[in-house]
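Quick caveat, the model's predicted, so the values are computed rather than measured. For the numbers below, each heavy atom of this structure counts, side chains included, while hydrogens, waters and symmetry mates do not. The first residue of the sequence shown is numbered 1, and numbering continues consecutively from there.
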Amino acid sequence: MRLRPCDAISLGLLGIRGRPVRTTLSCLGIAIGIACVVAVLGVSASSQAGLMKQIDQLGTNLLTVRPGNNAFGDTATLPPQAPAMIRRLPGVQQVAYVGRVEGAVYRHDQMPETSTGGISILAASQGLPETLQVSIAAGTWFNQAVDRYPTTVLGSASARRLGVSVGQQVFLSGHWFAVIGVLGTAVLDQSIDSAALVGYPVAQALLGFDGAPTTIYERSTSESVAALVPQLATVANPADPGSVKVSRPSDVLVARSAVESAYDGLFLGLGGVALLVGTVGIANVMIIGVLERRGEIGLRRALGASRRHIRVQFLVESVVLSHLGGIAGLALGSAVTVGYAAVREWAVIVPPAALLGGLGASVFAGTLAGIYPAARAARLSPTEALRVAG
């Protein structure tokens with residue numbers, strides 16, 4: 001007798017259809033494991049694509065200049081004329097800067113002194129949004145008509161923490177400041193998000209600011225970036241160039257993405273554990289199925305089925321069972337990727353390797369889980385199986 005492939009698949013499906021609840025529970029472990037693998041790889045790929053798109057939009061030609069430590073280990077300062085000196089360099093297109101101001105920001109003057117919400121005060125130059133490519137979410141930015149008056153523009157996180165909007169006031173370093181604008185998210189420098197920004201003139205006149213910038217943002221042509229990096233420290237602080245730090249924010253974004261992707265291995269490991277648990281679950285179900293179906297096995301052997309036929313039947317049933325779980329896992333993992341990417345406004349990318357690998361892993365798991373139960377079923381003799389079943 002010959003057992004054709006279509007007959008083997010029909011026999012495998014027959015055993016699965018007869019126990020729908022058990023089949024569903026058996027597939028669950030495989031489905032969870034495959035879903036974890038597909039979702040982790042899909043979300044990671046979508047995140048990388050979103051980051052690259054974001055970097056392309058913001059550009060890699062922005063450099064930041066910050067003070068470091070001097071030869072004595074103390075925090076250095078940049079001279080107030082540093083932005084103007086940097087602006088003279090060839091290839092420089094835009095220069096903006098901020099300076100940290102001592103003080104705290106409160107919703108009103110009755111707030112406890114400890115309830116600052118972690119909001120800093122920064123004196124900002126007029127060209128900051130254009131240089132950092134930060135949108136104005138509400139209101140307006142400083143201009144020469146208002147930056148000398150007690151007005152402030154809040155970062156996106158600061159506005160949420162304070163619960164204020166344009167037209168309201170905040171109590172800033174002992175003075176009332178009118179909120180004239182709220183910024184969007186500053187991707188290239190998240191410290192802007194948690195700050196209340198004021199104009200340089202009012203910071204110096206009212207808040208005791210010394211005018212020394214703490215961060216200078218320089219945007220140049222793409223061709224000039226490499227040449228400008230070694231020059232900026234010397235030009236920003238000729239007296240002590242070693243105390244100046246020059247960095248590129250886009251490199252920080254890439255490094256942050258690399259750190260986040262390090263967790264992918266952990267989640268892939270969890271997916272592998274779930275896949276292993278699912279494999280063991282299918283093996284247990286198949287062993288129980290062999291014990292419950294000894295009468296069927298004995299009858300088929302008595303009608304002429306060979307040991308190989310029985311072995312193939314149960315092995316195919318295990319593979320089909322695992323494969324169904326794999327398909328469900330692929331669908332679930334892809335759905336998670338699509339949903340997460342839609343929330344973060346990323347392009348949806350599900351790597352083909354994840355889909356093919358998920359299907360391959362499910363087939364392998366089903367084969368591994370079915371080897372012992374299939375061999376055990378094949379070893380049963382017709383008389384013993386019919387006698388025990390009877």
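Between Leu188 atom CG and Thr131 atom OG1 the span is 11.0 Å, to the nearest 0.5 Å. Taking CD of Gln126 as the reference point, atom CD of Gln144 lies at 5.0 Å (rounded to 0.5 Å). Interatomic distance, Ile192 CD1 to Leu122 CG, rounded to the nearest 0.5 Å: 5.5 Å. To the nearest 0.5 Å, atom OG of residue Ser120 and atom CD of residue Glu102 are 10.5 Å apart. Interatomic distance, Asp193 CG to Leu183 CG, rounded to the nearest 0.5 Å: 8.0 Å. Note: Leu132 CG to Asp189 CG = 6.5 Å, rounded to the nearest 0.5 Å.
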Please step through side chain to side chain contact (heavy atoms under 4.5 Å, CB included) for the pair Ile121 and Ser173, ending with a clear verdict. CA-CA 9 Å; Ile121 304 174; Ser173 192; 3.9 Å; yes

Show your reasoning for whether side chain to side chain contact (heavy atoms under 4.5 Å, CB included) applies to Phe142 and Arg148. CA-CA 9 Å; Phe142 302 111; Arg148 68 189 66 185; over 6 Å; no

Go through the steps for Asn237 and Val65 under the test side chain to side chain contact (heavy atoms under 4.5 Å, CB included), then give the verdict. CA-CA 10 Å; Asn237 191 359; Val65 179; over 6 Å; no

What's the verdict on side chain to side chain contact (heavy atoms under 4.5 Å, CB included) for Leu206 and Phe177, showing C-alpha distance, side-chain angles and the deciding distance? CA-CA 11 Å; Leu206 191 62; Phe177 275 65; 4.0 Å; yes

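Grouping the Ile, Leu, Val, Met, Phe, Trp and Tyr side chains by contacts below 4.5 angstrom, directly or via other members, places Val229 with Ile86. Under a hydrophobic clustering in which Ile, Leu, Val, Met, Phe, Trp and Tyr are joined whenever their side-chain heavy atoms come within less than 4.5 Å, directly or via other members, Ile349 and Val38 fall into different clusters. Residue Tyr149 is not grouped with residue Val198 when hydrophobic side chains (ILVMFWY) are merged at heavy-atom distances under 4.5 angstrom, including chains of intermediate members. Both Val202 and Ile119 belong to a single network of hydrophobic side chains, linked directly or stepwise wherever heavy atoms of I, L, V, M, F, W or Y lie under 4.5 Å apart. Cluster annotation: Ile327 is connected to Val316 through the hydrophobic network of ILVMFWY side chains, with a link wherever side-chain heavy atoms come within less than 4.5 Å.
With hydrogens and angles ignored, the 3.5 Å screen pairs a side-chain donor or acceptor of Asn143 with a backbone N or O of Val146. Judged purely by atom type and a 3.5 angstrom limit, Ser318 uses its side chain to pair as donor or acceptor with the backbone of Gly366. Not one N or O on the side chain of Ser194 forms a donor-acceptor pair closer than 3.5 Å with the backbone of Ser158. A donor-acceptor pair under 3.5 Å is formed between the side chain of Thr214 and the backbone N or O of Val98. At distances below 3.5 Å, not a single donor-acceptor pair connects side-chain atoms of Trp141 with backbone N or O atoms of Gly181.
Scanning both residues, Leu228 and Glu218, for their nearest heavy atoms gives CD1-OE2, 3.4 Å. Counting all heavy atoms, side chain and backbone alike, Val134 lies closest to Gly184 at CG1-O, 3.5 Å. Contact between Ile371 and Thr367 at its shortest, heavy atoms only, is CG1-O, 3.0 Å. The two residues Ile34 and Ala361 have their closest heavy-atom pair at CD1-CB, 4.0 Å. In terms of heavy-atom proximity, Ile30 sits nearest to Ala365 at CD1-CB, 3.9 Å. The two atoms that bring Ser362 and Gly326 nearest to each other are CB-CA, 3.8 Å, heavy atoms only.
In the displayed structure, Gln93 atom CD is contacted under 6.0 Å by more than 12 heavy atoms of other residues, nucleotides or ligands. Crowding of Arg100 atom CZ: a count of heavy atoms from other residues, nucleotides or ligands under 6.0 Å not exceeding 12. Around the CZ atom of Phe171, the shell of radius 6.0 Å holds more than 12 heavy atoms that belong to other residues, nucleotides or ligands.
Contact annotation: the side chain of Pro83 never approaches that of Ser125 to less than 4.5 Å [non-hydrogen atoms, C-beta and beyond]. Between Ile180 and Val153 there is a side-chain heavy-atom pair separated by less than 4.5 Å. Side-chain contact between Leu355 and Ser334: present, with at least one pair of heavy atoms (C-beta onward) separated by less than 4.5 Å. For the pair Glu317/Pro373, no side-chain contact is recorded, criterion being any heavy-atom separation below 4.5 Å from C-beta on. No side-chain heavy atom of Pro150 sits under 4.5 Å from any side-chain heavy atom of Gln169.
Remark: the Ser165 side chain and the Gln168 side chain contain an N/O donor-acceptor pair separated by less than 3.5 Å.
Checked options Leu78, Leu63, Thr64, Val246; the residue passing with Ile216 is Leu78 (criterion: side-chain contact (heavy atoms from CB on, under 4.5 Å)).
Tyr200 has its ring centre less than 6.0 Å from the ring centre of Tyr97.
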